[in-house]
There are 2 protein chains.
Amino acid sequence: MALRHAVLAALLVGDGGDGGDSGGRGEYSGYQLAKAFDIGVANFWHALPQQLYAELAKLEQEGLVAGRQVIQETRPNKRLFRVTDAGLAELDAFAAASSKPSFIRDDLLVKVQAADSVDTGPVIEQLEERASVAEAKIQLFGKVLGKMRGELDEEEFLRRGERVGPYLTCLRGLALEQENREWSMRVAAVLRERRAAHVER
Amino acid sequence: MALRHAVLAALLVGDGGDGGDSGGRGEYSGYQLAKAFDIGVANFWHALPQQLYAELAKLEQEGLVAGRQVIQETRPNKRLFRVTDAGLAELDAFAAASSKPSFIRDDLLVKVQAADSVDTGPVIEQLEERASVAEAKIQLFGKVLGKMRGELDEEEFLRRGERVGPYLTCLRGLALEQENREWSMRVAAVLRERRAAHVER
DNA sequence: GGGATCATGTAACGCGTTACATGATTCT
DNA sequence: AGAATCATGTAACGCGTTACATGATCCC
């Protein structure tokens, strides 16, 4: 039961892109939240849109978020959610409680683990694909970080910027993707060379 | 339904520590497998012992692994499992199929994301704890890698070693934990400084 | 005209987590 | 004497995934 906290933390970050600062706490629709979970939040949590809609409904029932209807003419209507005081209190309690160890699940690593017993051809392709996806994310995160820190340099921003949480988690995501790219390329090269050596015999 | 593949890949690695090479494919008891999932395999998959016992039973029913009873006198009896040819075929098909993108879930990152809205005291403590756990893993992985490559240096081993899969995934784990340590220490320092600056006012 | 984007869900099923259950031996 | 290790599960519940459902605008 920790998706709720990921949702609360993501909601806090701020405006869903409509411009217009809503005063510290952000407002997101389910749809916008799902997008956030696809990009930045994906660095530390993964969830499908259906889950988010369901979770938002539950959080609203419990009073941890408040939704308001926004009628649109050219677009379907939507509901925007913001974190309530009770939601903040819940997050605070969560932050103080001990964390479960993080966990990872990665199909591609399972395949590499078994690389000595399976055909490595498709695995090499997937590693190269992974490297290029990582590269794209690196580019993206670079831009996102630049936008967040504005005109300050990183050190300055982290000392005096007013909202550093998302910046810090994004830094982690950046480092992760860089490692991802390096490792994928390295492993692809190793497996390619071993394939070549194998054919020679 | 991919835990099965993680289990198969983990079983392949080799002997469960009893000494005595069992000829290429390894043998593990559920208990030993659970330990492996706690250490090395935890780099790319996470599962609880109960899940492993259940999964082994299912895999056996489907003929992907074969179990044999080992009667012990001073210890409770145990069942050792090895991957069958059908199991290998299943793994091979898995390796060739496209991977789902990897995913992470990390409570601590959720807390850092919310760092601007919650009390950072406990979060800083948890970051420091995380850094020291990462340090311990770094030490451990260093030793494990050294053991696997024996007297060869890394480049040599990766070219000519006979089993490199587990080595490569362990390298990923090592890099991950190094990043983990660096990032945790950095973030703890940033949040500590901001706390201090906050108190001064 | 076709595909992407905006927008929100329902329903079924299965996997994963939490809690419980047992019991002998070895180490501190 | 108490804690840790070895060893294997069962049962209940809830979360997460897959598949399905709808429908209007915007862009190429």
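Just so we're on the same page: letters track the sequence lines, and every chain starts at 1.
- For A:Pro76, the side-chain atoms get nearest to C:dA7 when compared with the rest of C:dA7, D:dT18, D:dT8.
- C:dT18 atom P lies 11 Å from atom CD of B:Gln51, rounded to whole Å.
- In this model, the phosphate group of C:dG16 is approached by a side-chain N or O of A:Arg105 to a distance below 4.0 Å at OP1 or OP2.
- Using a 4.0 Å cut-off between charged nitrogen and carboxylate oxygen, A:Arg195 and A:Asp119 count as a salt-bridge pair.
- Comparing C:dA7, D:dT8, C:dT26 by their nearest atom to the side chain of B:Arg79 picks out D:dT8.
- Spacing between atom OH of B:Tyr31 and atom C1' of D:dA7 amounts to 7 Å, rounded to whole angstrom units.
- Closest approach to the B:Leu48 side chain among C:dT17, C:dT26, D:dT18 is made by C:dT17 (side chain taken as heavy atoms from C-beta onward).
- Here C:dC6 presents its P atom at 14 Å from CG of A:Leu80, a figure rounded to the nearest Å.
- For D:dT18, the base has a donor-acceptor partner in the side chain of A:Gln50 [N/O atoms by modelled type, under 3.5 angstrom].
- Between A:Tyr167 and A:Phe157, the distance separating the two ring centers is shorter than 6.0 angstrom.
- Two residues, B:Ala54 and A:Ala47, neighbour DNA chain D, and the one matched to the more 5' nucleotide by heavy-atom proximity is B:Ala54.
- B:Tyr53 places its OH atom 20 Å from the P atom of C:dC20, with the value rounded to the nearest Å.
- Taking atom CG on A:Leu56 and atom C1' on C:dA7, their separation rounds to 13 Å, with Å as the unit.
- Checking A:Gln178 against A:Glu182 by side-chain atom types alone, no donor-acceptor pair falls below 3.5 Å.
- No more than 12 heavy atoms of other residues, nucleotides or ligands shown are found within 6.0 angstrom of CD on B:Glu155.
- Straight-line distance from the CG atom of B:Asn77 to the P atom of D:dT8: 9 Å, rounded to whole Å.
- Between B:Lys58 and the phosphate of C:dC15, there is a side-chain N or O to OP1/OP2 separation shorter than 4.0 Å.
- Contact annotation for A:Arg4: no contact, since no heavy-atom pair falls under 4.0 Å across all strands.
- Note: NZ (A:Lys35) to P (C:dC6) measures 4 Å, nearest angstrom.
- Contact check, A:His46 against D:dT17: a side-chain N or O comes under 4.0 Å of OP1 or OP2.
- OP1 or OP2 of C:dT18 lies within a sub-4.0 Å distance of a side-chain N or O belonging to A:Lys100.
- Atoms CG and CZ, on B:Leu12 and B:Arg163 in that order, are 8.0 Å from each other to the nearest 0.5 Å.
- Atom CG of B:Leu3 is separated from atom P of D:dG16 by 17 Å (rounded to the nearest Å).
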